[in-house]
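Input: a single structure, listed below in structure tokens.
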Number of protein chains: 2
Amino acid sequence: MTTINDIAQMANVSRTTVSRALNNSGYVSEDARKRIMKIVEETGYIPSQSAKSLRTKRSGVIGIILPRLSTETTTRVVNGINESLAKEGFQILLTDTELDKQKEIEYIRLLKSRHVDGIILLATNVNDELLKTIQEVDIPFLSIGQELPGVTSLVYDDYHAAADLTNMLIHKGHEKIAFIGVTNEDPSVGGKREQAFRDIMKENDLPVDENWIGEGDFSIDSGYEQMKKILKNSKDNRPTALFAVTDRMAIGAMEYLKEQGYKIPEDIAVVGIGASMMSKYMTPSLTTVDYFNDEAGRNAASLLLRKLKNEEIEKKFELSYRLILRDSV
Amino acid sequence: MTTINDIAQMANVSRTTVSRALNNSGYVSEDARKRIMKIVEETGYIPSQSAKSLRTKRSGVIGIILPRLSTETTTRVVNGINESLAKEGFQILLTDTELDKQKEIEYIRLLKSRHVDGIILLATNVNDELLKTIQEVDIPFLSIGQELPGVTSLVYDDYHAAADLTNMLIHKGHEKIAFIGVTNEDPSVGGKREQAFRDIMKENDLPVDENWIGEGDFSIDSGYEQMKKILKNSKDNRPTALFAVTDRMAIGAMEYLKEQGYKIPEDIAVVGIGASMMSKYMTPSLTTVDYFNDEAGRNAASLLLRKLKNEEIEKKFELSYRLILRDSV
DNA sequence: CCTAAATGTGTAATCGATTACATGCACATG
DNA sequence: CATGTGCATGTAATCGATTACACATTTAGG
């Protein structure tokens, strides 16, 4: 492999000069520069990033830690992040925790060992070991989707989004509303959305029958199963609407409802959260909330870049959202 | 930052011994090993990958070059790749060309500079400069989706998949079949699928009216627009079926058809390729071809890993597929 | 014409690991 | 008892860049 030394030799200069020419730093005569560039061109020389980053402590790489690589939400966020970063010449190092808390921590450390300049975490849970690790590695850090104490966080306004959806259902006349959530180890999706739902129901003096509550695991299948369970448990007092905290679970639930011959929204109205592609094209189209994930990703990346430049930035950013009313209610 | 030297000093050994302890290479006494590990634990020491990879020429990172980060197909492939790689302790460095041929080449070189151990390219086109660059960088290389001469390639059986779909439509009695393809700079999606379609039509002595042919750009919108164009151009001789080479374009086309009040499949049958999530949940559900993208990704990764171990492997692998018959035909 | 500043280039240390080679010791073997 | 072998550790070179510092030459200003 050609190295900077080879180039230096061929161009009859020291490697210092080659380095300066390539990085536009310091003084280099026009003559030397030309000679160097020509040889770089001819040889196809590519500088070693490992050597560079060993010396400079920078890599031009941002690490991303995802709970799942295969959901639309994460894809959109990653896409947004990449858009912002690529413009500035940064690359993305991807890791997927498969929802494993231990891996989350492991990957933070691994990314540090790889000298990433910053880390973006799509967090799904909050715990002390995680926070401690983030402190320890001492790398510009950013969390999307969960508020991590002491860490710059971009959070969706889960509470109000869920509250708006619930209110909307109530205004449409629904009084018996079923709910499919997720574990509240996930404070945002599991905690806040359910809290908002319960708060709004209470505000309107509407009872929440615990038979109408299900807990899924984000998957379409779990939506299907939980809907089945809810209907079984409420034979004599069927809910007239369902609030699923993710589109995928809403879709699974609709699948079951259709199978059983229920009409949506006449027999049961359904809402989700996420504004997935599918929500738009299925029949009936699904009422949902758009979290502008691409934009969240873009914002996250540019905030992180600002952090890298040592700009002081706030700790918490609340993202906007938008209700999308469609045919399922 | 703590380095191997700090650890060595604290443990009263040379850094050689620390290195050996950490990498389980050579002899290290139980006593020394324990002392070292304890200190590593306490200090939270993380070895620098830059230094390591500068010395060893390996990074434990595989570069991936995608045409788009945001489609289901690529996501599924990446997911599969990651599954295989993560097991072996490799990470993924992601780049997105946004369908720009020049970036494809740029990123290959960039990935080399980052000392990736191998590169997986989801190619969308084949050209000499690309092939030349791949030769030049001399890194274990693998292509998915296009056959690149001289490069280990995993290819979908586009020809037969498209032929099967066309035959199926013909057996259902369709004789006037419209077609929405993409540019044939993409030899697989653009070239082979259209070729198969035309071949099968010819075999069955069925005419292909050029008014029934559209060219989209993979997007849902383009499917919508091309369908509109086709119907406008064939007022007096409307096709009874549509073959779109991707699910997304099929979905766009269905969107337009529904808007215009056509019944699917009664008035016009529609098929796509890709087995997207959406194809399953929309109404009517879309007949399509499943390319098992996850598996393709997994296979690609494990083939690449075998290459890294210097195993000799074949140049071309043809992937299997499966027709999924649904309600849209 | 003298001095200070600007320009151009090189020397050598440095980043943090790995690893070939050398050394020392304990023990078994013939 | 001489010697070969396994174990444990250390010394120092090396990977390929960047950069502080020194030095030489040119240019500008008074």
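Proteins come first, then strands; the chains are lettered A, B, ... in the order of their sequence lines, and each starts at number 1.
Spacing between atom CZ of A:R55 and atom P of C:dA12 amounts to 16 Å, rounded to whole angstrom units. Nucleotide C:dG8 holds its P atom 18 Å from the CG atom of A:N12, rounded to whole Å. Protein atom CG of A:D31 is 14 Å distant from nucleotide atom C1' of C:dT7, rounded to whole Å. Spacing between atom CZ of A:R20 and atom P of D:dT19 amounts to 11 Å, rounded to whole angstrom units. Going from atom CZ of A:R15 over to atom C1' of D:dT14 covers 12 Å, rounded to whole Å. Taking atom CZ of B:R33 as the reference point, atom P of D:dA8 lies 9 Å away to the nearest angstrom. Remark: P of C:dT14 and CD1 of B:I4 are 18 Å apart, rounded to the nearest angstrom. Separating the CG atom of B:D6 from the C1' atom of C:dG16 is a distance of 10 Å, rounded to the nearest angstrom.
When the shell of 6.0 Å around NZ of B:K315 is examined, it contains more than 12 heavy atoms from other residues, nucleotides or ligands. Residue-environment remark: CD (A:Q9) stays at or below the threshold of 12 foreign heavy atoms within 6.0 Å.
The side chain of B:K52 approaches C:dA17 more closely than any other nucleotide in the set D:dT18, C:dA17, C:dT9.
Checked by atom type, the side-chain pair A:T43/A:T2 shows no donor-acceptor distance below 3.5 Å.
The phosphate of C:dG10 (OP1 or OP2) has a side-chain N or O of A:S14 nearer than 4.0 angstrom. Taking side-chain N and O atoms only, A:Y27 has no distance below 4.0 Å to OP1 or OP2 of C:dG8. Distances shown here put a side-chain N or O of B:S29 below 4.0 Å from the OP1 or OP2 atom of D:dT9. Dashed line: the shortest gap from a side-chain N or O of B:S19 to OP1 or OP2 of C:dT19 is not under 4.0 Å. When the side-chain nitrogen and oxygen atoms of A:N5 are compared with OP1 and OP2 of D:dA17, none of them lie within a distance under 4.0 Å. Neither OP1 nor OP2 of D:dT18 sits under 4.0 Å from any side-chain N or O of A:K57. Between A:T17 and C:dG10 there is a side-chain N or O to OP1 or OP2 distance below 4.0 Å.
Smallest separation of non-hydrogen atoms from B:V155 and B:E147: CG1-N, 3.5 Å. The minimum heavy-atom distance linking A:L303 with A:I313 is given by the pair O-CD1, 3.8 Å.
A donor and an acceptor atom sit less than 3.5 Å apart, one in the side chain of A:T16 and one in the base of D:dT19.
Comparing B:T56 and B:G26, the nucleotide of DNA chain D nearest to each residue sits closer to the 5' end for B:G26.
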